[in-house]
Amino acid sequence: MKKLMILGAGIYQVPLIKKARDMGLYTIVVSVDGPYPGFALADKVLKYDTRDTAGILAAAREEGIDGIVTTGTDVAMKTIGTVCDALGLTGISAEAAKRLTDKADMKTAFAGKVSTSPFSVVKTLAEAKDAADRIGYPVMVKACDVSGSRGISKVNDPAGLEEAFDYAMAATHTDHLIVEKAVEGYEIGLDGFVRHGQTVLCLPHDKHVARCAHSTVPAGHSFPFKGNEALQAAIRREFDAIVAATGLNNCAVNADVFVTGEDTVSVIEAGGRCGATTIPELITIYTGMDYYEGMIHTALGEDFDFTPTRAVPCMGRLLISPVTGVITAVDEAGLQAIRDEGIDFSLDYGVGDKVYQMKDGTDRIGQVIMASDDEREIEAVMDRILSCLTISQE
């Protein structure tokens, strides 16, 4: 039985763990202690911070793992790259992982190779003010080492810069931030896969966002993206440019992109892992190939055919609490009636659990996935599900 180490035990890693078990693999799930649902599914649990590279590398050696992988999070990527390099496993390299988990390093790698907005790396408020004045408002102020839209703010004028700087500094574990020009356009997602140095999958998709206090937060996606042929070609060129500039290989790739014209785009950022927010499930529905299986086979050094066999329109949305509070009642009969209709949804919390009004990408309370391209249909389902929950506002 091959051993697969999965970093993270949260809600976004649960489908990956389940798929690995379905494939007959011995799963070693690694995470800090906490009420994470992935622990109950693992063959073995190791309580490490996924950023503890030395500790996890030693554990990987001791366990004799055959592969290491995660999905939906950037936090573990440096560790995965280090373990892959040290043990000769298939996956992202330590160098590429480092480059892509610090937005300052990433943007520096992009410069002159990938279409991206002007930026500066700053350490102090004074430097941030100078950078914003030089680049020109509106600007984005970003923490460099966190995901889920944490520590990110759009600033329209100098009056808002200090608050944005403090917010980003509170979120980061580094001593620096980036200030970059806010791009005009509409945002889409871009997921794909690189194997043996070649792009084997490139899938742009529409992105649904929720407005929060500091910025917009991804709250869902839909396939396919219906851009014209010239725009699709531009997106593919930028995907390949991201891979070349960062050294990505043998891994999933996730990027956020602004469409700025009929055949032009600007890359916001990229990661060497699959996106979250229902993306793996939607790729599976849309293409007909199991994307979790593809990630796992690749991590084990095994072949997998990433060629789509179909193109089924589909969409997914996060369920979001309208308020911060506690779930005091759940209409189970109402939820079962929705399940009986064949609708794929899940809830992360139950009676007695505290939920939060969305401030970043971690504040979800569930998700809905449908093989449909009708926005009204999925929104109606979301309303029905949320109506089954009673939340006592704090």
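Values in this document were obtained by computation on a predicted structure and should not be read as measured data.
- I56 and F39 fall into different hydrophobic clusters, where Ile, Leu, Val, Met, Phe, Trp and Tyr side chains are chained together by heavy-atom contacts under 4.5 Å.
- The environment of CG in D303 is sparse: at most 12 heavy-atom neighbours from other residues, nucleotides or ligands sit within 6.0 Å.
- Closest non-hydrogen pair, M5 versus A59, comes out as CE-C, 4.4 Å.
- In terms of modelled atom types and a separation under 3.5 Å, the side chain of T246 and the main chain of A96 share no donor-acceptor contact.
- Qualifying ring pair (Phe, Tyr, Trp, His ring centres under 6.0 Å) partners for Y286, counting only residues two or more places apart in sequence or in other chains: F223.
- Enclosure of atom OH in Y26 by more than 12 non-hydrogen atoms of other residues, nucleotides or ligands within 6.0 angstrom is indicated.
- The salt bridge (charged side-chain N to carboxylate O under 4.0 Å, His left out) contacts involving residues 88-97 comprise E95-R99, where partners must be two or more places apart or lie in separate chains.
- Annotation for L4 and A299: closest pair CD1-CB, 4.3 Å, computed over non-hydrogen atoms.
- When atom types are taken as modelled, the side chain of D331 and the backbone of L389 share no donor-acceptor pair closer than 3.5 angstrom.
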Using the salt bridge (charged side-chain N to carboxylate O under 4.0 Å, His left out) rule, take D206 and K226 through it: C-alpha gap first, then chi angles, then the decisive distance, then the call.
CA-CA 8 Å; D206 284 309; K226 298 181 176 69; 5.6 Å; no
Between E341 and V381, is a side-chain contact (heavy atoms from CB on, under 4.5 Å) present by the stated rule, with each step listed?
CA-CA 11 Å; E341 296 173 21; V381 169; 5.9 Å; no
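- Remark: D191 pairs with H205, N254, C274, I279, I283 by the side-chain contact (heavy atoms from CB on, under 4.5 Å) rule, at least two apart or across chains.
- In this structure, T73 and L7 have side chains that are not in contact, with every pair of non-hydrogen atoms separated by 4.5 Å or more.
- Judged purely by atom type and a 3.5 angstrom limit, D166 has no side-chain atom pairing as donor or acceptor with the backbone of E163.
- Judged by distance alone, the side chain of N228 and the main-chain N or O of E262 form a donor-acceptor pair under 3.5 Å.
- Side-chain polar atoms of K107 and S117 form a donor-acceptor pair below 3.5 angstrom.
- Closest approach of G197 to N249, counting heavy atoms only: N-OD1, 2.6 Å.
- A continuous path of hydrophobic side-chain contacts links L248 to V83 [ILVMFWY only; heavy atoms under 4.5 Å].
- Evaluation of the ring-ring contact (aromatic ring centres under 6.0 Å, His included) test over residues 294-333, restricted to residues two or more places apart or in two chains, returns F193-F306, H297-F304, F304-F306.
- Linking ILVMFWY residues whenever their side-chain heavy atoms come closer than 4.5 Å, directly or via other members, places F225 and L190 in the same cluster.
- Residues D43 and R21 are in side-chain contact: their nearest non-hydrogen atoms beyond the backbone lie under 4.5 Å apart.
- Looking at heavy atoms from C-beta onward, E238 lies in side-chain contact with V114 at the 4.5 angstrom threshold.
- For D240, the side-chain hydrogen bond (donor to acceptor under 3.5 Å, both in side chains) partners two or more places apart in sequence, or in a different chain, are T199, R236.
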Please walk me through it: do V29 and Q13 pass side-chain contact (heavy atoms from CB on, under 4.5 Å)?
CA-CA 9 Å; V29 174; Q13 288 79 49; over 6 Å; no
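- Contact annotation: the side chain of V267 never approaches that of F239 to less than 4.5 Å [non-hydrogen atoms, C-beta and beyond].
- The environment of CD in E63 is crowded: more than 12 heavy-atom neighbours from other residues, nucleotides or ligands sit within 6.0 Å.
- In this structure, V323 and S321 have side chains that are in contact, with non-hydrogen atoms separated by less than 4.5 Å.
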Applying side-chain contact (heavy atoms from CB on, under 4.5 Å) to L386 and I365, what does each step give before you reach the verdict?
CA-CA 10 Å; L386 290 173; I365 62 172; 3.8 Å; yes
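- Hydrophobic clustering (side-chain heavy atoms under 4.5 Å, transitive across Ile, Leu, Val, Met, Phe, Trp, Tyr) keeps I11 apart from L16.
- Side-chain atoms of T324 and K354, non-hydrogen and from C-beta on, do get closer than 4.5 Å to each other.
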Could you walk me through whether T79 and V30 pass the side-chain contact (heavy atoms from CB on, under 4.5 Å) test, one step at a time?
CA-CA 11 Å; T79 299; V30 184; over 6 Å; no
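- Side chains of L89 and I65 form a contact here, defined as non-hydrogen atoms less than 4.5 Å apart.
- Closest approach of T90 to G301, counting heavy atoms only: OG1-CA, 3.4 Å.
- Although no hydrogens or angles enter the test, the distance criterion places no donor-acceptor pair under 3.5 Å between the side chain of Q232 and the main chain of P204.
- Listed by chain and number, the residues in a side-chain contact (heavy atoms from CB on, under 4.5 Å) with A86 are L57, R61 (sequence neighbours excluded).
- Put simply, the side chain of E394 never gets that close to the backbone of G325: no donor and acceptor are under 3.5 Å apart.
- A side-chain N or O of E377 and one of S372 form a donor-acceptor pair less than 3.5 Å apart.
- In this structure, I391 is a member of the same hydrophobic cluster as M382, with clusters built from ILVMFWY side-chain heavy atoms closer than 4.5 Å.
- Screening residues 108-137 for salt bridge (charged side-chain N to carboxylate O under 4.0 Å, His left out) gives K123-D175 as the qualifying pairs, with residues at least two apart or on separate chains.
- A donor and an acceptor atom, one from each side chain of S115 and S266, are nowhere located under 3.5 Å apart.
- Hydrophobic side-chain contacts under 4.5 Å tie V141 into a cluster, directly or through other members, with V122, L125, I135, Y137, V139, V155, L161, F165, M169, L177, V179.
- Listed by first then second residue, pairs satisfying salt bridge (charged side-chain N to carboxylate O under 4.0 Å, His left out) with a partner in residues 305-321 read R317-E375, not counting sequence neighbours.
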Checking side chain to side chain donor-acceptor pair (under 3.5 Å) for the pair D145/T172: CA distance, chi angles, key distance, verdict?
CA-CA 6 Å; D145 62 334; T172 188; 2.7 Å; yes
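- The nearest pair of heavy atoms linking L335 to C388 is CD2-CB, 3.7 Å.
- Counting only heavy atoms from C-beta outward, the side chains of C84 and I68 approach each other to under 4.5 Å.
- Residues passing the ring pair (Phe, Tyr, Trp, His ring centres under 6.0 Å) test with Y292, sequence neighbours excluded: none.
- Interatomic distance, NE2 of H221 versus CD1 of I188, reported as 10.0 Å (0.5 Å rounding).
- V368 and F345 get closest at one heavy-atom pair: CG2-CB, 4.0 Å.
- For A171, the side-chain contact (heavy atoms from CB on, under 4.5 Å) partners at least two apart in sequence or on another chain are A143, V146.
- Side-chain contact annotation: D85 with S93, donor-acceptor N/O pair under 3.5 Å absent.
- A salt bridge does not link K103 with E180: every distance from a Lys NZ or Arg NE/NH1/NH2 to an Asp or Glu carboxylate oxygen is 4.0 Å or more.
- Taking CG of L25 as the start and CD1 of I17 as the end, the distance is 12.5 Å to the nearest 0.5 Å.
- Residues satisfying the side-chain contact (heavy atoms from CB on, under 4.5 Å) test with A276, not counting sequence neighbours, are Y12.
- Environment of NZ in K47: crowded, with over 12 heavy atoms of neighbouring residues, nucleotides or ligands closer than 6.0 Å.
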